[in-house]
Amino acid sequence: MQHGLVHLDEPGLSAGLGRKAAQQRAALTRSKAVQALRTLHAEGRPVTFDAVAKYARVSRSWLYTQPDLRAEIERLRQNHASAEPTPASQPQRASEASLRQRLEAANDRIRRLNDENQRLRQQLAHALGQRRQSPSPDPATIPNP
């Protein structure tokens, strides 16, 4: 040591810091996996190794090496597979009134587009008619490049 500064290359110090960092990473990884399990289950989503790994951003292989997490994933996966789908998780069909409203909106849009199309055709016909009526330039008066 020099002037109260700690050198990381001192024997035992860097090994202790590395071990502590590894323990912190392991704890963080574990807490992310546990939180993913809780969230997926609470939201009624399937709890699978793949889903937990993606949600927690951990590897599936790591999940398989954690006996308690593995057992919980397998238990929740089994419970989810045997559970009847709840009405909240089933997609709702559109009501007849909703479908009628959507149809009316689509028909209104079609009418507006047809009107606009007709107006544009008339403008084009008018512009082409004016172009035909205008005197053509005399080819002799056009300068050669």
Side-chain angles (χ1 to χ4, degrees), residues 1-134 136-137 142-145:
M1 272 171 83
Q2 214 176 24
H3 302 290
L5 297 176
V6 176
H7 291 281
L8 294 180
D9 58 351
E10 290 182 20
L13 184 59
S14 60
L17 290 175
R19 194 172 20 257
K20 185 174 181 176
Q23 289 170 343
Q24 288 175 339
R25 280 193 310 274
L28 177 62
T29 301
R30 182 168 194 70
S31 72
K32 289 189 322 185
V34 169
Q35 185 59 46
L37 269 168
R38 289 179 180 155
T39 302
L40 291 170
H41 180 63
E43 292 176 357
R45 293 165 45 192
V47 178
T48 63
F49 285 95
D50 190 52
V52 172
K54 285 180 180 174
Y55 192 94
R57 294 186 176 158
V58 299
S59 71
R60 285 181 309 183
S61 61
W62 179 83
L63 288 171
Y64 281 108
T65 67
Q66 306 301 306
D68 57 331
L69 293 177
R70 181 179 186 164
E72 187 66 7
I73 291 170
E74 289 171 349
R75 184 184 72 78
L76 291 172
R77 182 173 59 185
Q78 186 63 31
N79 287 350
H80 187 78
S82 64
E84 289 293 319
T86 61
S89 68
Q90 293 176 346
Q92 292 183 349
R93 292 187 52 176
S95 70
E96 187 175 330
S98 171
L99 291 173
R100 284 187 194 281
Q101 187 177 14
R102 289 171 61 189
L103 180 60
E104 286 175 21
N107 284 335
D108 286 344
R109 185 166 193 272
I110 289 169
R111 266 187 240 105
R112 285 192 315 272
L113 290 172
N114 281 338
D115 290 346
E116 181 182 12
N117 195 357
Q118 184 63 33
R119 184 180 49 78
L120 291 171
R121 285 177 190 267
Q122 289 172 352
Q123 285 178 354
L124 179 60
H126 180 72
L128 290 174
Q130 284 184 336
R131 187 173 176 196
R132 278 190 220 117
Q133 290 176 356
S134 67
S136 300
I142 298 176
N144 283 335

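FYI, side chains are in, hydrogens and waters are out, and symmetry mates aren't considered; it's all heavy atoms of this structure. Model, not experiment: these values are computed from the prediction.
- The heavy-atom pair separating Ala51 from Pro46 by the smallest distance is CB-O, 3.8 Å.
- Atom CD of Glu96 is surrounded by 12 or fewer heavy atoms from other residues, nucleotides or ligands within 6.0 Å.
- Closest approach of Trp62 to Arg30, counting heavy atoms only: CH2-CA, 3.7 Å.
- No side-chain N or O of Gln35 forms a donor-acceptor pair with one of Ser31 less than 3.5 Å apart.
- Smallest separation of non-hydrogen atoms from Ser98 and Ala94: OG-CB, 4.4 Å.
- In this structure, CZ on Arg119 lies 12.5 Å from CG on Leu124, to the nearest 0.5 angstrom.
- To the nearest 0.5 Å, atoms CZ (Arg77) and CG (Asp50) are separated by 11.0 Å.
- Glu74 pairs with exactly one of Glu72, Arg70, Gln78 by the side-chain contact (heavy atoms from CB on, under 4.5 Å) rule, that one being Arg70.
- One finds the CG atom of Leu37 at 9.5 Å from the CZ atom of Arg75 (value rounded to the nearest 0.5 Å).
- When only modelled atom types and interatomic distance are considered, Gln122 and His126 share no side-chain donor-acceptor pair under 3.5 Å.
- Between atom CG of residue Leu40 and atom OG1 of residue Thr48 there is a gap of 7.5 Å, rounded to the nearest 0.5 Å.
- Partners of Arg132 by side chain to side chain contact (heavy atoms under 4.5 Å, CB included), not counting sequence neighbours, listed by chain and number: Leu128.
- Between Leu63 and Val52, the closest heavy-atom pair is CD1-CG1, 3.8 Å.
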- Task: Tell me, with the steps shown, if Arg112 and Glu116 meet salt bridge (charged side-chain N to carboxylate O under 4.0 Å, His left out).
- Result: CA-CA 6 Å; Arg112 285 192 315 272; Glu116 181 182 12; over 6 Å; no
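- Atom CZ of Arg111 sits about 5.0 Å away from atom CG of Asp108, to the nearest 0.5 Å.
- Between Ser59 and Ala53 the shortest heavy-atom distance is C-CB, 4.1 Å.
- Contact check for Arg45 versus Tyr55: side-chain heavy atoms found under the 4.5 Å cut-off.
- Not counting sequence neighbours, Glu104 has no partner by the side chain to side chain contact (heavy atoms under 4.5 Å, CB included) test.
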